Number of protein chains: 2
Amino acid sequence: MEEIFNLAEKQRLIDQNHFEDLFTTDIRPLTKLFRMPANSFIIKSTSQPQYLFYLIKGRAKLYDVTANGKTMLIDFFTPPCFIGEMELIDPTGDPFSVQAIGDCLCLALPIHRIQKQLLVDPIFLKHICLYLAHKNTRNIRVASKNQTSTLSERLAAFILMTEHNGVYKEKHTEVSEFLGVSYRHLLYVLREFMDAGLLSKQGHRSYLIQDRQELERIAEGNQS
Amino acid sequence: MEEIFNLAEKQRLIDQNHFEDLFTTDIRPLTKLFRMPANSFIIKSTSQPQYLFYLIKGRAKLYDVTANGKTMLIDFFTPPCFIGEMELIDPTGDPFSVQAIGDCLCLALPIHRIQKQLLVDPIFLKHICLYLAHKNTRNIRVASKNQTSTLSERLAAFILMTEHNGVYKEKHTEVSEFLGVSYRHLLYVLREFMDAGLLSKQGHRSYLIQDRQELERIAEGNQS
DNA sequence: CTCCAACTGTGAGATTTCTCATACTTACTG
DNA sequence: CAGTAAGTATGAGAAATCTCACAGTTGGAG
């Protein structure tokens, strides 16, 4: 994680992402700009973060590490969004881990300097409430879908969600973690889709969608 | 759902639960007191709630109804806690269903009257943020435990969580819904616990814990 | 007191998912 | 360019979980 001291660039990014609109007071003087290299940790579950981040470029992923050491991919972050707001609001809880997927850019506010002020800022708090409520809704929907449906349904939905121009090319290792199934089983179902003519392999690690309509039907839960 | 017009009683409950402390302004004049009979719906997923509720007595459960009609028990509410705060903050989203388990008492504020005011009340917003953050953390932990561990682990943990004086007597139907497994499978694992000498049946629908230490070990993930 | 809906309980067979073992390929590091 | 870690790929057998079918029990509602 490396700070970028280009003031003009920082100001441009603040404006472009309407960062100021999230606060009552002027936070520009305290705002820093960071670049996180791919795969680096923005927040480590082992220590309280020093900053409240606002992701403006790149993707990141949220992990939970369960008591028995198993790691579990919980969610993806897509800009623009806060990172570390839970830790700001409740510094007593254990933080989660957030890892950059590709290179990321973040605006950042030093927690120790602005915590008191932000916790009484109604505009900021309202944004955080909305953000948390949405996140919560998403989590609940995803969790209940995970429990009530089989991998075929979830995978079909996931493929449709992440595909670009009819091409699906996510990393199997990440996907199996995210969908909470073993790598083996993911491959098995992917093979089923290919046998059923829904997908075809294209080159080494990308798949071509052959029957979008059927994929959609499966994702809806109308298992053939 | 039936309003209770006993002013003295209402005031007593407001004081006892420190309801006023959650707001900057005096909300007593607008506060109503409701009694919900067991099994009635406090919030129905089909229509926006009219009130922001604060549960002060009784237990309630949160359901999600998935697109394909499957129903899924997400969480339990224990007093004191807000109900309907997500719908207050984001009236555009689909509401969830909340059903009273036993008879419940709720303080309630009419949303159409206080929404604007509450959304700029820093004290209220801060409480909601904290509440949402905690809820979120809980949901994530539960969801990731659900995915990474087998029913034995989750059931062992659930038994220890809900037991009183060494006796476990939750309804199997509710539990299987909550843990997201079929009724059949729950019974199957329960039988395994009995065969392994961890539980014994006591009367018609209650179980006696025989080996708490082993249950704890299993709950931690140290599957024998 | 009777009846009915909801809950408890069990068997059998099918489906989903996991673990482990084993190769091959790719991408990066020195 | 060799070496290595990570990702891809597949088989086989086991474990977890589901569906369906069927019966007995219980706790109210009338």
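Predicted model, so just to flag it, every value in this text is computed and none were measured. Just so we're on the same page: letters track the sequence lines, and every chain starts at 1.
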Asks: In whole angstroms, how far is the C1' atom of dA23(D) from the CZ atom of Arg184(B)?
Replies: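 Taking CZ of Arg184(B) and C1' of dA23(D), I get 13 Å after rounding.
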Asks: Just the rounded figure in Å: distance from C1' of dT10(D) to CD of Glu192(A).
Replies: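 The distance from CD of Glu192(A) to C1' of dT10(D) comes to 15 Å, rounded to the nearest Å.
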Asks: Starting at atom CD of Glu177(B), determine the distance to atom C1' of dC18(D), rounded to an integer number of angstrom.
Replies: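 Going from CD in Glu177(B) over to C1' in dC18(D) covers 16 Å.
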Asks: Determine to 10° how strongly the helix from dC1(C)-dG30(D) to dG30(C)-dC1(D) is bent, judged from the axes of its five-pair ends.
Replies: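 One end's axis against the other's: 50°.
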Asks: Considering residues at least two apart in sequence or located in another chain, which fulfil the ring-ring contact (aromatic ring centres under 6.0 Å, His included) criterion with Tyr183(B)?
Replies: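 Tyr183(B) satisfies ring-ring contact (aromatic ring centres under 6.0 Å, His included) with no residue once adjacent residues are dropped.
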Asks: Quick one: is dT15(C) close enough that its OP1 or OP2 comes under 4.0 Å of any side-chain N or O from Thr150(A)?
Replies: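 The answer is no; no side-chain N or O of Thr150(A) sits under 4.0 Å from OP1 or OP2.
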Asks: Output yes when a side-chain donor or acceptor of Asn6(A) lies under 3.5 Å from a complementary backbone atom of Ala8(A), and no otherwise.
Replies: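 Indeed, once roles are kept as given, a pair shorter than 3.5 Å links the two residues.
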Asks: Using atom CG of Leu186(A) as one end and atom P of dT10(D) as the other, report the distance to the nearest whole Å.
Replies: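 In whole Å, dT10(D) P lies 12 Å from Leu186(A) CG.
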Asks: Quick one: list whatever passes side-chain hydrogen bond (donor to acceptor under 3.5 Å, both in side chains) with Arg12(A), sequence neighbours left out.
Replies: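 With neighbours one apart ignored, the set is Glu9(A), Gln16(A).
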Asks: To the nearest angstrom, how far is Lys169(A) atom NZ from dT8(D) atom C1'?
Replies: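 Atom-to-atom, Lys169(A) to dT8(D), this comes out as 17 Å.
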Asks: NE2 of His185(A) versus C1' of dC20(C): gap in Å, rounded?
Replies: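 Atom-to-atom, His185(A) to dC20(C), this comes out as 17 Å.
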Asks: Nearest whole angstrom, please: distance from the P of dG11(D) to the OH of Tyr188(A).
Replies: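 In whole Å, dG11(D) P lies 10 Å from Tyr188(A) OH.
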Asks: Among all residues two or more places apart in sequence or in another chain, which pass the ring-ring contact (aromatic ring centres under 6.0 Å, His included) test with Phe41(B)?
Replies: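 ring-ring contact (aromatic ring centres under 6.0 Å, His included) check on Phe41(B) returns nothing, list empty.
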Asks: Restricting to ring-ring contact (aromatic ring centres under 6.0 Å, His included), what partner residues turn up for His134(B), sequence neighbours left out?
Replies: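 Partners of His134(B) by the ring-ring contact (aromatic ring centres under 6.0 Å, His included) criterion come out as none, since no residue qualifies.
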Asks: If you only use heavy atoms from C-beta on, which nucleotide in dT17(D), dC18(C), dC20(D) is closest to the side chain of Leu151(B)?
Replies: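 Side chain of Leu151(B) sits closest to dT17(D).
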Asks: So, does Arg154(A) get its side chain near the phosphate of dT17(C), meaning an N or O under 4.0 Å from OP1 or OP2?
Replies: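 Arg154(A) to dT17(C) OP1/OP2: side-chain N or O found under 4.0 Å.
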Asks: Among residues two or more places apart or on two chains, list those pairs meeting salt bridge (Lys or Arg N to Asp or Glu O under 4.0 Å) that have a residue in residues 30-52 of chain A.
Replies: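 Qualifying pairs, neighbours excluded: Glu2(A)-Arg35(A), Glu3(A)-Lys32(A).
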Asks: Between the protein and nucleotides 3-9 of chain C, which nitrogen or oxygen pairs come in under 3.5 angstrom?
Replies:
unit_1	atom_1	unit_2	atom_2	d
dT8(C)	OP2	His172(B)	N	3.3
dT8(C)	OP2	Thr173(B)	N	3.3
dG9(C)	OP1	Lys201(B)	NZ	3.1
dG9(C)	OP1	His204(B)	O	3.4
dG9(C)	OP2	His172(B)	NE2	3.2
dG9(C)	OP2	Tyr207(B)	OH	3.3

Asks: Other residues, nucleotides and ligands only: do more than 12 of their heavy atoms fall within 6.0 Å of NZ on Lys10(A)?
Replies: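 Result for NZ/Lys10(A): enclosed.
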Asks: Could you tell me how far apart Glu153(B) (CD) and dC18(C) (P) are, to the nearest whole angstrom?
Replies: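 After rounding, the reported distance stands at 13 Å.
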Asks: Who passes ring-ring contact (aromatic ring centres under 6.0 Å, His included) against Phe19(B), sequence neighbours left out?
Replies: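 Phe19(B) satisfies ring-ring contact (aromatic ring centres under 6.0 Å, His included) with Phe23(B), Tyr54(B) only.
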Asks: Taking side-chain contact (heavy atoms from CB on, under 4.5 Å) as the definition, give me every residue that meets it alongside Glu177(A), ordered by chain and number, with sequence neighbours left out.
Replies: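 side-chain contact (heavy atoms from CB on, under 4.5 Å) check on Glu177(A) returns Tyr63(A), Thr71(A), Leu73(A).
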